[in-house]
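First the structure, in the form of structure tokens, and then the observations on it.
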Amino acid sequence: MKILLYGGTFDPPHNGHMNNLRAALDLVRPDRAIVMPAGTPPHKAASATPGEVRLAMCDCFKALSPLVEVSDWEIRRGGRSYTYNTLEMLQQQCPGAELFLSIGSDMLLSFPRWNRWRDILQMATLVVESRRPGDALALHTAAQQLQASGGRVLFARAESYPCASSSLRTGAIPRVRWGDLLPAEVLRVIEERGLYREPAPVTEKEAHHDL
């Protein structure tokens with residue numbers, strides 16, 4: 001069995017996230033694809049949006065394939081969310097499954113800073129989606145370095161998408177444009193819950209929950 005894991009804060013999930021997961025699905029052809037909203041990321045840019053609300057917004061991913069499921073495991077677990085722990089849980093629940101971890105290109109470049117990154121490389125194949133044009137050389141250099149450490153890295157063909165969740169929350173991208181950037185399901189939850197009415201403070205680029 002092949003299991004594809006796609007984790008993140010998803011505050012909110014946008015069409016770029018959808019493109020990345022779609023590309024990973026096309027490449028891996030998994031038996032299961034699990035979207036895992038982070039519980040409490042161990043960095044200062046942790047999401048202020050409640051976990052159950054981010055979980056509801058992540059239902060948008062189910063439109064990509066009947067294989068996609070959304071898990072609340074990290075949210076229910078509480079405490080800090082680390083990818084290593086999530087992969088360990090999947091290994092215990094599905095002995096012998098081949099695990100794949102979907103990440104964006106920026107995460108590949110910072111991967112050696114992740115918590116227990118060498119262990120993650122032994123547990124799962126990385127599936128990388130490029131988020132910006134012109135980064136191929138840096139990505140392949142990073143992949144070669146991780147492969148030298150025993151990892152396996154695959155590249156999925158994802159359309160580069162000029163959007164970041166932080167730009168939506170801070171108001172850098174005005175709400176009038178959100179209909180072009182967000183899945184309809186996500187827009188519905190945002191309107192029903194009155195989310196992001198007050199722009200979030202501008203911070204440094206959001207860190208991954210493993211850094």
Worksheet entry | Reported CG-to-CG distance for the pair L21 and L64, which is rounded to 0.5 angstrom | 5.5 Å
Worksheet entry | Test item: S65 side-chain N/O and L67 main-chain N/O as donor-acceptor pair under 3.5 Å | yes
Discussion item. With a 4.5 Å cut-off on side-chain heavy atoms, are P13 and F61 touching?
Written reply: yes
Worksheet item: Are any side-chain N or O atoms of S71 and backbone N or O atoms of W73, one a donor and one an acceptor, separated by less than 3.5 Å?
Response: yes
Worksheet item: Does some side-chain heavy atom of C94 sit less than 4.5 Å from a side-chain heavy atom of R32?
Response: yes
Discussion item. I want to check something: taking the side chain as every heavy atom from C-beta on, are L154 and T125 in contact at a cut-off of under 4.5 Å?
Written reply: yes
Worksheet item: Does R54 reach the main-chain N or O of A38 with its side chain, forming a donor-acceptor pair under 3.5 Å?
Response: yes
Practice prompt. Report yes or no: does W114 contribute a side-chain atom to a donor-acceptor pair with the main-chain N or O of T83 at less than 3.5 Å?
Written response: no
Practice prompt. For the residue pair P12 and V186, establish whether any side-chain heavy-atom pair is separated by less than 4.5 Å.
Written response: yes
Item to complete: For residues D210 and W117, determine if any side-chain heavy atom of one lies less than 4.5 Å from a side-chain heavy atom of the other.
Response: no
Discussion item. Between R175 and E191 (salt bridge meaning N to carboxylate O under 4.0 Å), is one present in this structure?
Written reply: yes
Worksheet item: Got a second to check how far I120's CD1 is from L87's CG, nearest 0.5 Å?
Response: 6.0 Å
Worksheet item: Can R77 and E74 be counted as an ion pair, charged N to O under 4.0 angstrom?
Response: no
Worksheet item: Ignoring hydrogens and geometry, is there a side-chain-to-backbone donor-acceptor pair from S167 to C163 under 3.5 Å?
Response: no
Discussion item. If I take atom CG from residue N85 and atom CG from residue L90, how far apart are they, to the nearest 0.5 angstrom?
Written reply: 11.0 Å
Discussion item. Please evaluate residues M123 and L121 with respect to the criterion side chain to side chain contact (heavy atoms under 4.5 Å, CB included), reporting the C-alpha separation (whole Å), side-chain torsions for both, the decisive distance (0.1 Å), and the verdict.
Written reply: CA-CA 5 Å; M123 301 168 80; L121 290 180; over 6 Å; no
Worksheet entry | Side chain to side chain, F155 and L139, heavy atoms closer than 4.5 Å | yes
Discussion item. Just so I know, are the side chains of M36 and Y6 near enough to count as touching, which here means a heavy-atom distance under 4.5 Å?
Written reply: no
Item to complete: Measure the spacing between CG of L195 and CG of L168 and express it to the nearest 0.5 Å.
Response: 11.5 Å
Discussion item. If we ignore hydrogens and angles and just use 3.5 Å, is the side chain of W178 paired with the main-chain N or O of P174 as donor and acceptor?
Written reply: yes
Practice prompt. Taking the side chain as every heavy atom from C-beta outward, state whether P30 and L25 have any pair of such atoms under 4.5 Å apart.
Written response: yes
Worksheet item: Under 4.0 Å between a Lys/Arg side-chain N and an Asp/Glu carboxylate O for K62 and D59?
Response: yes
Discussion item. For the CG atom of L99 and the CG atom of L5, what is their distance to the nearest 0.5 Å?
Written reply: 8.0 Å
Fill in: Backbone N/O of L181 and side chain of N15: donor-acceptor pair under 3.5 Å
yes
Worksheet item: How far does CD1 of I190 sit from CZ of R197, to the nearest 0.5 angstrom?
Response: 9.5 Å
Item to complete: Please check if the side chain of H17 supplies one atom and the backbone of H14 the other of a donor-acceptor pair under 3.5 Å.
Response: yes
Worksheet item: Are a donor atom and an acceptor atom from the side chains of S102 and E129 found within less than 3.5 Å of each other?
Response: yes
Worksheet item: Is it true that a side-chain atom of K2 and a backbone atom of A97 form a donor plus acceptor pair closer than 3.5 Å?
Response: no
Worksheet item: Any salt bridge between E88 and R116, counting N to O under 4.0 Å?
Response: no
